[in-house]
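Report on one structure; see the data block that follows.
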Amino acid sequence: EPEVTQTPSHQVTQMGQEVILRCVPISNHLYFYWYRQILGQKVEFLVSFYNNEISEKSEIFDDQFSVERPDGSNFTLKIRSTKLEDSAMYFCASSRALGGETQYFGPGTRLLVL
Amino acid sequence: GENVEQHPSTLSVQEGDSAVIKCTYSDSASNYFPWYKQELGKRPQLIIDIRSNVGEKKDQRIAVTLNKTAKHFSLHITETQPEDSAVYFCAATLTGGGNKLTFGTGTQLKVEL
């Protein structure tokens, strides 16, 4: 069964550095998402992406964040200048279509900002 | 925006007993309600979902009920097993836009032998 994959599994960075988190959504899916989960807390929506543009974003997704689909398979989340509070697990998800289609989550990238 | 409340935050049951987790949502327009199971350090995995045109859905030991009037939905697990131990998240969304899932705060379910 196809799965969403993410790299790296863990990332440690210094405050102020840029990080790029990578995701490969399920191949026939058209909708892509990023969520984050601070340790011990609930999963929070960051952004959804369809047809090469952002469909919706949350208040968390400020100017420090950007997303890109640089080729036909990858979907990336860039944090331009990381802050301590960006430390979290970042999950990528994808779904085949709108209309209540299941969002399938990747294994996550654990980001630690020091 | 949508807000999802989830109760209880922790639930401990004996193996073989039933477990019920309840969620309420605020946006009456929400029309899709998935439940995810998350084991420690792992990805959230969908276990069951329900759409707003249905009042109940069952899949083996797992069932979900939806009351649109009261804006609440519940997860029912029967004949619990130790492998059911995990954190369970409910979520809600209005499909057709950004598909943003708003999650509840999670329920830590522990099934004791």
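Proteins come first, then strands; the chains are lettered A, B, ... in the order of their sequence lines, and each starts at number 1.
With a threshold of 4.5 angstrom between heavy atoms, A:Gln6 does not approach chain B through any atom at all. For B:Pro44, the parts lying near chain A are the backbone and the side chain together; criterion is any non-hydrogen pair under 4.5 Å. Looking at B:Leu46, the atoms closer than 4.5 Å to chain A (heavy atoms on both sides) all sit in the side chain, from C-beta outward. Interface residue B:Tyr36: only side-chain heavy atoms are found under 4.5 Å from chain A. Using a 4.5 Å cut-off between heavy atoms, A:Tyr35 touches chain B through its side chain atoms alone. In this structure, the portion of A:Gln41 lying under 4.5 Å from any heavy atom of chain B is its backbone and not its side chain.
Here B:Gln38 is the residue among B:Gln38, B:Gln45, B:Lys42 with the most heavy-atom pairs under 4.5 Å with chain A. Among A:Lys57, A:Lys42, A:Met89, the residue with the largest count of heavy-atom pairs under 4.5 Å with chain B is A:Lys42.
Of all heavy-atom pairs spanning A:Pro25 and A:Cys23, the tightest one is CD-O, 3.6 Å. Residues B:Leu11 and B:Ala19 share a closest heavy-atom pair of CD2-CB, 3.8 Å. A pairwise comparison of heavy atoms in B:Thr93 and B:Asn99 identifies OG1-C, 3.5 Å as the closest pair.
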Candidate pair A:Glu53 and A:Asn51, rule side chain to side chain donor-acceptor pair (under 3.5 Å), full reasoning: CA-CA 6 Å; A:Glu53 60 182 31; A:Asn51 200 25; 5.8 Å; no
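At least one donor-acceptor pair closer than 3.5 Å links the side chain of A:Asp71 to the backbone N or O of A:Asn74.
Aromatic ring orientation, B:Phe33 versus B:Phe73: tilted (interplanar angle from 30° to 60°).
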